[in-house]
Amino acid sequence: MSSTTRTAHRQWLAVLLLAALVVGLGASPAAAARGGGKGPTRNTDTADSTTTASYDPVAALGSLYNVVDQINARPLWEHGITGDGVDVAVIDTGVAPVPALTGADKVTAMVDLSFEAEVPEATYLDTNGHGSHMTGIIAGRDPGADPATARRRPHEFLGVAPDAGIVSVKVGDNTGAVDVSQVIAGIDWVIEHRTAGDLNIRVINLSYGTDSTQNYRVDPLARAVERAWDHGIVVVAASGNDGWNNSTGGMTNPAKDPYVIAVSAAEATKRGMTIPRWASAGDFYSTDENGRKAQYWQDGFTGRLPDVVAPGAHIDSLRVPGSRVATEHSEGYVTDLLQRGSGTSQAAAVVSGAAALLLDHRPDLTPDQVKALLRDTATPLGWGEAIEGQGVIDIAAAARTAAPHVTQTWERSTGLGSLEAARGTQHVTVDGSVLEGETTAFGSAWDAQAWTEASALGASWTGASWTGASWTGASWTGASWTGASWTGASWTGASWTGASWTGASWTGASWTGASWTGASWTGASWTGASWTGASWTGASWTGASWTGDRWS
């Protein structure tokens, strides 16, 4: 694709994003077409009285303004290292056309593999709010904001790698419902399209995890992330929010795969960085090849530990007006544009942005070298390796350190294990039926042998199919770049902007004890309020969350 064509594509996408934003925030489609309609207004479902004018990002320890300094990224910005030329694939709930994601070079491609793929009002769009929150941390950028002068302009929103491109791989719907087979398919899609057109996908952000106890050596999700790694893509995975002081410990799948960068969370306080108790630590038990507990760690710890930690507590990132998170978590409201949340998902997003900066600066680095540099230059906090890994990332130190000659040699995953075991206890209910067993979310039988053989040959994606199951409405060539993707029709009033969530999901899909890194929602929230009696789609979240995100 020529540079002229590439620029035209991105300018067209930006126009569509802006058009969708106008409609999504209250204008009628007709008014939007005329250029009229009201501008952004405060959502009436919020109870917080905070306004943009009163918000002080310098004082808020979890503002991106401060996060950038907590990981020492600002010196890179001031030397022109901003993530330019690097695309980050965010496998999550999609993105929404909020101002900081509407730049011409921001959302470089989209695909929808979720249960909402055939819902016109929701296709590609982040109806949940989680994906946009992660995307903002990684690479959000207010229109006109300049990383070189950002030190003097704290009210401008800039993610960690503000010039990186975002490839949105939507796998979760408005309830957060997603099956592990959709995540595997999303990873396959990224591998297949990593250099399609003008894309340069070098990082995958997975603010996701299951509580599977299946050994990584046979787990299909582990096989998928290792395959991405082998194709030159740095995979960053959240470790989970099950806590570092519980009796069993352990990280979620796929963070427990030793090849990826497993990220736990740090919390900024007035006294310095600490580790929140909800952040998952390393395995306190080693396991045999069948996933059985073999010995207590004090008698010979051999389990998987976090690699690094990054700021993940009380992080102020992008808010999607009318999304499920914004509607049901008014306690996390910061401004009309910002929502506050905590979790190892946020920490993973910080590290994904940092990896994009490093690859902008040194594009020849391998994933193994990126991981080694982040680990070797991290700052220990004194909590012990099982809790904090090597410490808090220092991206400026990583950027100036010589690249090590390193190749990881862990035993590989065969991928021949069970898809059901990869889910752990986390299942999606679709139209009242639990998705379980060796069946994918696309209605096809899971054939591990056929999938691993096809993926080894690079043939997992043949046209619009994946292991024989066609994507219902989910292509990126054409659909993601045409007027059908981000038009005003996607955000029309009756669909989800301002409409109350009344127990029924968009597609009849919901969680039945699911998580995005394994932590239960008991006592967890966006800003510390407990979930007593709270529910999603009318059913209680018996152990369900996004990345175990203690959105506290």
Side-chain angles (χ1 to χ4, degrees), residues 89 91-94 111-119 123 169-173 175-193 204 206 208-212 214 216 218-228 252-254 257 413-476 505-516 544:
I91 301 178
D92 215 293
T93 61
V111 66
D112 194 332
L113 312 179
S114 75
F115 292 115
E116 293 179 331
E118 290 190 318
V119 180
T123 305
V169 181
K170 179 177 176 179
V171 294
D173 69 6
T175 71
V178 61
D179 185 63
V180 70
S181 62
Q182 291 166 291
V183 177
I184 293 171
I187 296 167
D188 276 357
W189 187 93
V190 170
I191 296 168
E192 181 79 8
H193 295 85
I204 287 176
L206 275 172
Y208 165 87
T210 77
D211 62 357
S212 171
Q214 181 168 231
Y216 89 91
V218 298
D219 188 82
L221 181 56
R223 162 83 177 190
V225 295
E226 288 180 17
R227 184 168 168 258
T252 55
N253 184 26
D257 185 288
S413 173
T414 66
L416 297 176
S418 165
L419 185 68
E420 173 64 16
R423 296 182 178 109
T425 64
Q426 300 158 20
H427 294 84
V428 173
T429 296
V430 183
D431 294 325
S433 298
V434 177
L435 178 58
E436 58 187 348
E438 304 307 304
T439 302
T440 74
F442 311 99
S444 60
W446 174 255
D447 187 335
Q449 186 68 47
W451 173 70
T452 54
E453 290 175 358
S455 64
L457 297 172
S460 294
W461 277 82
T462 53
S465 67
W466 181 70
T467 63
S470 63
W471 295 117
T472 54
S475 69
W476 82 285
S505 67
W506 282 90
T507 59
S510 63
W511 284 108
T512 59
S515 78
W516 274 83

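No hydrogens, no waters, no symmetry mates; every other heavy atom, side chains included, goes into these values. The model shown is predicted, which means the values in this text are computed figures rather than measured ones.
Residues S418 and P220 share a closest heavy-atom pair of O-CD, 3.9 Å. The shortest heavy-atom contact between I187 and A224 is CG2-O, 3.5 Å. G424 and D211 get closest at one heavy-atom pair: CA-OD1, 3.3 Å. Nearest heavy atoms, A177 versus F115: O-CD1, 3.9 Å. What you find for N253 and S212 is that their closest heavy atoms are ND2-CB, 4.0 Å. Residues R423 and V180 share a closest heavy-atom pair of CG-CG1, 3.6 Å.
A donor-acceptor distance shorter than 3.5 angstrom exists from the side chain of Q182 to the backbone of L113, with no hydrogens or angles considered. Checked by atom type and distance alone, the side chain of T452 pairs as donor or acceptor with a backbone atom of A448 at under 3.5 Å. Side chain of T210 to main chain of A422: a donor-acceptor pair is present (N/O by atom type, distance under 3.5 Å, no hydrogens or angles). A donor-acceptor pair is defined here as one N or O able to donate and one able to accept, closer than 3.5 Å; such a pair exists between the side chain of E438 and the backbone of L419. A distance-only check finds no donor-acceptor pair linking the side chain of T93 to the backbone of D173 [under 3.5 Å]. Here the side chain of T440 pairs no donor or acceptor atom with the backbone of W446 at under 3.5 angstrom. Checked by atom type and distance alone, the side chain of E453 never pairs as donor or acceptor with a backbone atom of A450 at under 3.5 Å.
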Check against side chain to side chain donor-acceptor pair (under 3.5 Å), S433 and D431: CA-CA 6 Å; S433 298; D431 294 325; over 6 Å; no
Salt bridge (Lys or Arg N to Asp or Glu O under 4.0 Å) assessment of E226 paired with R223: CA-CA 5 Å; E226 288 180 17; R223 162 83 177 190; over 6 Å; no
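In this structure the side chain of W189 never reaches within 4.5 angstrom of the side chain of V171, judged on heavy atoms. Looking at heavy atoms from C-beta onward, D188 lies in side-chain contact with W451 at the 4.5 angstrom threshold. D257 is not listed as a side-chain neighbour of D219, based on a closest heavy-atom distance of 4.5 Å or more. Annotation: side chain of D179 is not in contact with side chain of F442 (no heavy-atom distance under 4.5 Å). Counting heavy atoms from C-beta on, the side chains of V218 and L416 never come closer than 4.5 Å.
Side-chain polar atoms of S114 and D112 form a donor-acceptor pair below 3.5 angstrom.
For the side-chain contact (heavy atoms from CB on, under 4.5 Å) with V111, the lone residue among I91, V169, V190 that qualifies is V169.
From L435, atom CG reaches atom CD of E420 across 8.0 Å, with rounding to the nearest 0.5 Å. The structure places CD of E118 at 8.0 Å from OG1 of T123, a figure rounded to the nearest 0.5 Å.
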